[in-house]
Amino acid sequence: MKGTVTFPRHLFFPRCTIPFSKVIPGYSNGNLGFAHPYSGIVIPVLGAYDSGWWSFYVLYMDKNRPLPQGDTFDPYREKDFLRRKAEGFPKPIYPNTILVTDAYMGYIYGTDEFKQRLSKIKHRIVYYYDRVSWYCQKHEIEIPNDNDLVLIGIWKKQFVFKLFAPENVEYIILPDDTVLTDCFLCDSNTAEVKYIK
């Protein structure tokens with residue numbers, strides 16, 4: 001709740017609390033641990049958590065990222081987005097292997113026209129992200145990080161994705177006469193994906 005991590009008393013060092021942004025993750029006997037801020041010794045996190053748990057911690061503790069998925073967070077998504085926007089969308093504190101774009105997590109930053117069109121489509125945006133990501137894997141198109149795949153908007157009845165496009169840009173309905181290049185299209189009816197050079 002406070003964005004901090006508390007270490008227990010260790011050796012002759014007293015109990016201490018530090019901001020999450022100062023945590024240095026590590027491993028102790030194969031389990032996730034955090035380096036003690038004074039001794040540097042990696043102390044296991046309470047419970048036998050393996051390395052995969054670090055992404056979970058980052059998902060919930062890194063305030064520079066969108067709120068995680070889940071109905072509980074839905075009432076706060078817009079307010080959280082506007083807070084990050086006012087701060088200039090600061091870079092995430094730590095890298096993460098989990099896709100954490102606003103749209104993927106449940107908040108749609110788009111024009112009214114985009115939202116209206118989206119409401120008429122059967123699947124959620126998450127589904128289209130997954131389809132395009134799967135297409136890239138199948139065709140051996142390297143995506144260094146899932147977060148590098150960016151939704152641009154809708155063109156005709158196609159979702160338009162680009163690699164390395166600017167993030168946090170409002171989704172729009174692209175005019176039908178727009179000439180698209182270097183992007184992925186995902187059909188909103190069939191979910192078929194194709195790449196346009």
Side-chain angles (χ1 to χ4, degrees), residues 50-74 77-78 80-81 84-85 89-197:
D50 64 20
S51 60
W53 280 88
W54 175 242
S55 292
F56 176 82
Y57 276 104
V58 171
L59 192 62
Y60 280 84
M61 295 289 288
D62 190 341
K63 291 186 177 182
N64 294 347
R65 294 181 177 277
L67 292 171
Q69 287 180 330
D71 297 343
T72 304
F73 297 106
D74 286 348
R77 293 191 190 283
E78 183 174 9
D80 180 68
F81 177 86
R84 287 182 288 113
K85 184 178 180 182
F89 294 109
K91 295 235 179 248
I93 299 170
Y94 298 102
N96 201 338
T97 58
I98 299 172
L99 182 61
V100 287
T101 66
D102 283 289
Y104 199 92
M105 292 300 167
Y107 175 68
I108 307 301
Y109 177 54
T111 62
D112 290 339
E113 185 183 11
F114 180 90
K115 291 178 183 177
Q116 185 178 14
R117 177 84 65 89
L118 189 66
S119 69
K120 297 175 183 175
I121 295 172
K122 181 180 174 184
H123 302 288
R124 293 175 50 209
I125 283 179
V126 173
Y127 176 75
Y128 299 105
Y129 263 106
D130 290 342
R131 292 291 297 171
V132 175
S133 181
W134 174 82
Y135 175 90
C136 291
Q137 290 173 9
K138 183 179 175 186
H139 292 85
E140 298 181 0
I141 299 171
E142 186 178 348
I143 302 178
N145 184 315
D146 281 340
N147 293 289
D148 294 331
L149 187 61
V150 180
L151 175 64
I152 303 299
I154 296 177
W155 176 72
K156 297 182 179 178
K157 293 185 178 179
Q158 317 274 326
F159 281 89
V160 182
F161 290 86
K162 281 193 172 232
L163 278 174
F164 313 114
E167 297 179 15
N168 308 308
V169 176
E170 192 172 30
Y171 305 133
I172 61 171
I173 302 296
L174 299 165
D176 287 354
D177 60 354
T178 303
V179 177
L180 300 174
T181 58
D182 190 26
C183 64
F184 299 92
L185 299 181
C186 187
D187 192 285
S188 63
N189 292 325
T190 65
E192 179 187 354
V193 178
K194 61 184 175 183
Y195 175 71
I196 295 183
K197 291 185 180 182

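Heavy-atom basis, side chains included; hydrogens, waters and symmetry copies ignored.
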Practice problem: Indicate, with yes or no, if the rings of Phe159 and Tyr129 have centres closer together than 6.0 Å. | Solution: no

Self-check item: Check: Phe81 ring centre within less than 6.0 Å of Phe89 ring centre
Solution: yes

Self-check item: Mutual orientation of the aromatic rings belonging to Phe184 and Tyr195 [parallel < 30°, tilted 30-60°, perpendicular > 60°]
Solution: tilted

Distance-minimising heavy-atom pair for [X] and [Y]:
X      : Y      : result
Asn147 : Val150 : O-CG2, 4.1 Å
Ala191 : Cys186 : O-SG, 3.8 Å
Pro144 : Phe164 : CD-CZ, 3.8 Å
Met105 : Arg77  : O-CZ, 3.1 Å

Does any part of the side chain of [Y], heavy atoms only, come nearer than 4.5 Å to the side chain of [X], both counted from C-beta?
X      : Y      : result
Leu163 : Leu149 : yes
Leu185 : Lys156 : no
Trp54  : Tyr94  : yes
Ser188 : Lys120 : no

With rounding to the nearest 0.5 Å, note down the distance linking [atom1] in [X] to [atom2] in [Y].
X      : Y      : atom1 : atom2 : value
Thr178 : Asp176 : OG1   : CG    : 7.5 Å
Ile172 : Phe114 : CD1   : CZ    : 9.5 Å
Asp80  : Lys63  : CG    : NZ    : 9.5 Å
Tyr128 : Ser133 : OH    : OG    : 16.0 Å
Leu180 : Trp155 : CG    : CH2   : 5.0 Å
Asn145 : Ile98  : CG    : CD1   : 11.0 Å

Quiz prompt | Pairs involving residues 106-117, ordered by first then second residue, that meet side-chain hydrogen bond (donor to acceptor under 3.5 Å, both in side chains) (sequence neighbours left out) | solution = Lys85-Tyr109

Check: [X] side chain, [Y] main-chain N or O, donor-acceptor pair, under 3.5 Å:
X      : Y      : result
Asp102 : Asn168 : no
Asn96  : Ser55  : yes
Arg131 : Asp187 : no
Tyr171 : Ile154 : no

Quiz item: Do other residues, nucleotides or ligands put more than 12 heavy atoms under 6.0 Å from the NZ atom of Lys162?
Solution: yes

Practice problem: For Asp62, enumerate each residue passing the side chain to side chain contact (heavy atoms under 4.5 Å, CB included) test, keeping only those at least two apart in sequence or located in another chain. | Solution: Val58, Asn64, Arg65, Pro92, Ile93

Quiz prompt | Sole residue of Thr101, Ile125, Val132, Val169 in side chain to side chain contact (heavy atoms under 4.5 Å, CB included) with Leu151 | solution = Ile125

